Amino acid sequence: PGKKVLIVYAHQEPKSFNGSLLKIAVEELTKQGCSVGRTINNVLLNFPPASPQNDSSLLPTGHLHNPEAFNYAVETWEAYKRGGLSKDLVEEQKKVQEADLLIFQFPLFWFSMPAILKGWMDRVLVQGFAYDLTKANGGGLLQDKLCLFSFTTGGNQEMYSNEAFCGDIRYVLWPMQHGIMHFCGVKVLEPHICYAPEHVSEEKRKEMLTAWTQRLKTLWKEEPIDCSPDWYFK
């Protein structure tokens, strides 16, 4: 009770299977007494994946730190330090800062998160807010938070094994869980993966939704994964 959860949801269709997973998470966590905030698809449209030099999130004050040699990481850092990031970006950072748990809900696209979610990551998790490169190992600044990647795949579970075409699903998780969240100091829970919901029976889809509901009931008792290279590649 009293925990704060932010669900970042990246899917265009509310009636999708991802939409059902989102609905269940909101209902179950609210029932537990959690405060549940959401960043949903229409909000993510404000964070497109491209990062041009005239990015409005950097230019509310009308200038770049170094217009002669554009460097997005440097510009976001400088904008953050001077309080020059846009209002909607600062609002997203506030949601992240206040959250005890971050849930990312999305369909797996090309072995990664959808571009619209990556755009949110690129803009929100900037240096100074999420990490500090002047400190060892990136100096993750988002300590004492948990995160969970909940996603659907197009292929079945057998396709994501060491011997199969796609390779172990943990290889896919390395850049998202380790390269982003762990680097920023966030503790990572075991991912929740629904394999190929489009290609299974209605009964199997119901079982998947029930499993998600049951996991949410005991989520706060879970221990984070080790998040070392061994967890992903051993």
Side-chain angles (χ1 to χ4, degrees), residues 1 3-41 44 99-114 116-117 145-178 181 186-227 231-234:
K3 296 285 189 180
K4 292 188 176 182
V5 181
L6 173 62
I7 304 176
V8 185
Y9 170 78
H11 198 289
Q12 301 90 334
E13 176 52 66
K15 297 191 294 291
S16 65
F17 193 81
N18 275 272
S20 297
L21 292 167
L22 169 67
K23 183 180 178 183
I24 286 171
V26 172
E27 290 177 352
E28 177 56 37
L29 291 168
T30 301
K31 194 185 302 180
Q32 294 176 20
C34 299
S35 173
V36 183
R38 282 173 282 178
T39 292
I40 55 178
N41 204 63
L44 292 181
D100 298 296
L101 169 66
L102 307 169
I103 296 178
F104 300 99
Q105 182 65 61
F106 59 94
L108 196 68
F109 284 176
W110 292 114
F111 285 54
S112 186
M113 66 186 76
I116 197 169
L117 177 54
K145 298 184 187 299
L146 297 170
C147 80
L148 191 160
F149 284 83
S150 173
F151 59 93
T152 59
T153 68
N156 61 36
Q157 188 167 2
E158 289 70 30
M159 292 176 65
Y160 291 94
S161 66
N162 254 329
E163 299 76 23
F165 171 76
C166 295
D168 196 309
I169 190 67
R170 294 188 180 198
Y171 305 160
V172 175
L173 290 162
W174 169 259
M176 294 187 282
Q177 293 187 158
H178 189 86
M181 288 291 111
V186 181
K187 296 179 178 65
V188 181
L189 296 176
E190 188 90 26
H192 194 86
I193 309 169
C194 292
Y195 290 97
E198 282 187 285
H199 306 295
V200 299
S201 66
E202 183 64 26
E203 181 180 357
K204 183 62 177 176
R205 283 193 289 272
K206 288 179 180 178
E207 289 176 6
M208 290 179 178
L209 295 176
T210 298
W212 179 226
T213 303
Q214 292 305 315
R215 182 177 180 190
L216 289 165
K217 290 181 184 299
T218 58
L219 194 65
W220 300 105
K221 297 179 181 179
E222 293 186 15
E223 291 294 325
I225 65 170
D226 175 44
C227 220
W231 189 92
Y232 295 93
F233 302 111
K234 190 172 181 180

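Model, not experiment: these values are computed from the prediction.
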Measure up the Trp212 and His192 rings against each other and bin them: parallel (under 30°), tilted (30 to 60°), perpendicular (over 60°). tilted
Starting from the C-alpha separation in whole Å, work towards a yes-or-no answer on side-chain contact (heavy atoms from CB on, under 4.5 Å) for Gln177 and Ile225. CA-CA 10 Å; Gln177 293 187 158; Ile225 65 170; 3.7 Å; yes
Does any N or O in the side chain of His178 come within less than 3.5 Å of the main-chain N or O of Cys227, such that one atom is a donor and the other an acceptor? yes
Find the distance between CD (Gln214) and CD (Glu28) and round it off to the nearest 0.5 Å. 8.0 Å
For Pro107 and Asn18, which heavy atoms make the closest approach, and how far apart are they? N-OD1, 3.6 Å
Do Val188 and Leu173 have side-chain heavy atoms sitting under 4.5 Å apart? no
Would you give the length of the straight line joining atom CD1 of Ile24 to atom CD of Glu27, rounded to the nearest 0.5 angstrom? 7.5 Å
Heavy-atom side-chain contact between His11 and Thr152 under 4.5 Å: no
Are the side chains of Met181 and Lys145 in touch, meaning some heavy atoms are under 4.5 Å apart? no
Check the orientation of Phe111 and Tyr160. Use parallel for under 30°, tilted for 30 to 60°, and perpendicular for over 60°. tilted
In sequence, state the C-alpha distance, the side-chain angles, and the governing distance for Lys23 and Val26, and then conclude on side-chain contact (heavy atoms from CB on, under 4.5 Å). CA-CA 5 Å; Lys23 183 180 178 183; Val26 172; 6.0 Å; no
Can any side-chain N or O of Thr213 pair as donor or acceptor with the backbone N or O of Leu209 at less than 3.5 Å? yes
Atom CD of Glu13: over 12 foreign heavy atoms under 6.0 Å: yes
Candidate pair Phe104 and Met113, rule side-chain contact (heavy atoms from CB on, under 4.5 Å), full reasoning: CA-CA 9 Å; Phe104 300 99; Met113 66 186 76; over 6 Å; no
Does the side chain of Phe109 come within less than 4.5 Å of Ile116's, by heavy atoms? no
Atom CG of Leu189 and atom CG of Leu102: how far apart are they, to the nearest 0.5 Å? 10.5 Å
Nearest heavy-atom approach of Met208 to Pro197 is SD-CB, 4.3 Å
Would you say that more than 12 heavy atoms from the other residues, nucleotides or ligands in this model lie under 6.0 Å from the CD of Gln12, or not? yes
Residues Leu21 and Ser150: closest non-hydrogen pair is CD1-OG, 4.5 Å
To the closest 0.5 Å, what do you measure between NZ (Lys204) and SG (Cys194)? 9.5 Å
Spatial distance of atom CG (Leu22) from atom CD1 (Ile7) [nearest 0.5 Å]: 5.5 Å
Are Phe151 and Ile169 close enough that some pair of their side-chain heavy atoms sits under 4.5 Å apart? yes
CG-NZ distance between Asp100 and Lys4, expressed to the nearest 0.5 angstrom: 8.0 Å
Please name the pair of heavy atoms, one in Leu108 and one in Met176, separated by the smallest distance, quoted to 0.1 Å. CD1-CE, 4.3 Å
State, to 0.1 Å, how close Trp231 and Arg170 come at their nearest heavy-atom pair, and which atoms those are. O-NH1, 2.7 Å
Heavy-atom closest pair, residues Ala25 and Leu216: CA-CD1, 3.6 Å
Are side-chain heavy atoms of Trp220 and Leu146 found at a separation under 4.5 Å? yes
Heavy atoms of other groups near Arg38 CZ, more than 12 under 6.0 Å: no
Just checking Glu223: does its CD atom have more than 12 heavy atoms from other residues, nucleotides or ligands closer to it than 6.0 angstrom? no
